[in-house]
Amino acid sequence: MPHPATSETESDLPPLLPSWRAWYWLVLGALALEIGLFVYLTRAFA
């Protein structure tokens with residue numbers, strides 16, 4: 001049987017990112033980083 005304390009703490013954990021705005025900026029930042037990386041790689045190996 002699992003401990004009741006662990007199940008309570010797992011259910012009471014906050015969500016990974018609290019708002020849609022945080023997800024929006026995370027995705028936007030990841031896209032910008034990816035584009036920057038591809039630009040750097042294409043210039044480095046051109």
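With sequence neighbours excluded, the residues satisfying side-chain contact (heavy atoms from CB on, under 4.5 Å) with Val27 are Leu31. Taking the side-chain contact (heavy atoms from CB on, under 4.5 Å) definition, one finds that Ile35 meets it with Val39, sequence neighbours left out.
Taking hydrophobic clusters as Ile, Leu, Val, Met, Phe, Trp and Tyr residues chained together by side-chain heavy-atom distances below 4.5 Å, Leu28 shares a cluster with Trp20.
The other residues sharing a hydrophobic cluster with Tyr40 are Leu37, Leu41, Phe45, where clustering joins ILVMFWY side chains under 4.5 Å apart.
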